Amino acid sequence: MRRRSLLIAVPAGLATLAACGDDDGSDSAESAETPSPSAPEAAPSPKIVDGPLPKITAGVKFDEKPTVAKGDGEPSKDLAVQTVIAGNGATIAENDYVQANYLGQIWATAKVFDNSYDRKTPLVIQLAQGSIIDGWRYALPGKKVGSRVLMAVPPTWGYGTQGNADAGIKGTDTLVFVVDVQGTFNTKSSAKGTEAAQDNADLPKVGTNTDGKAPSIEVPDTDAPTKLVANYILEGDGPEVGAQDSVLVQYKGVLWDGGKEFDSTYANKQLASFGLTQVVKGWAQGLTGKKVGSRVLIVIPPKLGYGDNPPQGSEIKKDSTLVFSVDILAKM
């Protein structure tokens, strides 16, 4: 199993998409590896200062794995933050999801306890209380995509007085992070790919707007397909999604019969993140192999959706064919 970041909590998929009748315990093993992201109680807002901070001695370019010196003397009791490389991309806001490579080490010893560069997979995480340590949540808003940010996080905004024994972090340790911000996502985000042809009159037509608003879905007055449909509407140029990957998405779901919307991140005003092993088979099969940055039409027949066991309280009836527009924003 690929090692998860020490910074994050387990991603939560939306209940509507959760697979039914799968009790193999696969999620519990992954959850056990992930320590609490921060102290149990919310810390007060920190004062942000510009130092002291240790120097980056090697890997000084954006998105290169850095080497960072040991802290010199006593660290600040406040949150020290410095933009080492200023990007010119979108500005990060509180509660955004950020995509970043990072390295974390202990101030007093320079011991590296975690880094994403070696995993060759950037972290995608929401800057929200309970999702990530508070130091990140306070240090990154206002920074721009393309920036390298250096920060020193005292225990109050790290792991608190309990520390993190699994990572070798004591309750008195100040933590040093280098963060290379690759992207930021929120409810205004959408796919940005190249338009693909929609020339099959027997399939739904999906809007191609990229303004963060929900795309239209026009369901034809024909019989629903009996096999899974997974077609590009906008084809991105990012990495392909693997069958075991987790994704960050915007989506809208309607019923084939009548075209009524039953679920939507746009209406919920909240992006969704989940593993493809946690959702209905039609979603998992439909997104596997598709590129990040794409909008995908997925038409799910009952046998790959909910069959005769739809979610209680939903608009979905037994043996419903489901139609989704899915924007793949990031791979997690």
Side-chain angles (χ1 to χ4, degrees), residues 1-12 27-57 65-82 94-95 98 100-119 121-141 148-181 332:
M1 181 180 296
R2 182 170 60 87
R3 183 174 178 267
R4 292 172 58 84
S5 165
L6 291 165
L7 294 169
I8 65 177
V10 176
D27 291 344
S28 60
E30 190 168 36
S31 300
E33 293 183 1
T34 309
S36 173
S38 58
E41 296 181 1
S45 298
K47 178 182 178 182
I48 297 179
V49 296
D50 59 8
L53 286 162
K55 291 184 178 181
I56 299 173
T57 58
K65 180 183 176 182
T67 300
V68 184
K70 185 172 71 170
D72 185 13
E74 291 297 316
S76 175
K77 301 297 184 184
D78 299 314
L79 178 61
V81 182
Q82 182 182 100
E94 187 177 359
N95 291 316
V98 294
N101 270 319
Y102 70 94
L103 177 141
Q105 67 184 46
I106 296 171
W107 172 281
T109 63
K111 177 187 176 183
V112 174
F113 58 83
D114 195 12
N115 90 90
S116 65
Y117 301 92
D118 290 346
R119 290 193 290 272
T121 303
L123 172 70
V124 178
I125 189 66
Q126 189 176 21
L127 298 180
Q129 185 177 338
S131 295
I132 194 166
I133 62 171
D134 285 332
W136 278 52
R137 189 165 66 89
Y138 287 111
L140 292 181
R148 167 168 281 192
V149 180
L150 176 63
M151 67 180 88
V153 182
T156 301
W157 299 284
Y159 290 98
T161 56
Q162 77 273 19
N164 186 319
D166 290 342
I169 298 170
K170 302 190 295 292
T172 56
D173 282 334
T174 288
L175 311 179
V176 176
F177 291 97
V178 177
V179 182
D180 287 324
V181 183
M332 304 180 72

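Values in this document were obtained by computation on a predicted structure and should not be read as measured data.
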Shortest non-hydrogen contact from [X] toward [Y]:
X	Y	value
Ala167	Phe113	O-CB, 3.6 Å
Arg148	Tyr117	NH2-OH, 4.0 Å
Ser131	Ile125	O-CD1, 3.5 Å
Leu53	Trp107	CA-CZ3, 4.2 Å
Thr57	Ala69	CG2-CB, 4.1 Å
Gln126	Asn95	NE2-O, 3.0 Å

Heavy-atom side-chain contact between [X] and [Y] under 4.5 Å:
X	Y	value
Leu175	Gln105	no
Ile56	Val178	yes
Ser76	Pro154	no
Ser116	Asn101	yes
Val81	Val149	yes

Can you tell which of Leu150, Ile133, Asn115 makes a side-chain contact (heavy atoms from CB on, under 4.5 Å) with Phe177?
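Result for side-chain contact (heavy atoms from CB on, under 4.5 Å) with Phe177: Ile133.
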Pairs in or reaching into residues 167-178: which pass salt bridge (charged side-chain N to carboxylate O under 4.0 Å, His left out), with residues at least two apart or in two chains?
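Every pair satisfying salt bridge (charged side-chain N to carboxylate O under 4.0 Å, His left out) with a residue in residues 167-178: Lys170-Asp173.
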Quick check for you: to the nearest 0.5 Å, what is the distance between [X] atom [atom1] and [Y] atom [atom2]?
X	Y	atom1	atom2	value
Leu127	Trp136	CG	CH2	8.5 Å
Glu74	Thr174	CD	OG1	8.5 Å
Tyr102	Leu123	OH	CG	5.5 Å
Met151	Trp157	CE	CH2	13.5 Å
Asp114	Asp166	CG	CG	12.0 Å
Lys77	Thr156	NZ	OG1	8.5 Å

Under the criterion side chain to side chain contact (heavy atoms under 4.5 Å, CB included), I'd like the reasoning laid out for Lys65 against Leu103: C-alpha separation, chi angles, the key distance, then a yes or no.
CA-CA 8 Å; Lys65 180 183 176 182; Leu103 177 141; 4.2 Å; yes
Partners passing side chain to side chain contact (heavy atoms under 4.5 Å, CB included) against Ala100 (at least two apart in sequence or in another chain)
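Scan of Ala100 (side chain to side chain contact (heavy atoms under 4.5 Å, CB included), adjacent residues dropped) gives Val179.
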Any residue meeting side chain to side chain contact (heavy atoms under 4.5 Å, CB included) with Lys111, in chain and number order, not counting sequence neighbours:
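Thr109.
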Mind running side chain to side chain contact (heavy atoms under 4.5 Å, CB included) on Val153 and Leu79 for me, showing each step along the way?
CA-CA 5 Å; Val153 182; Leu79 178 61; 3.9 Å; yes
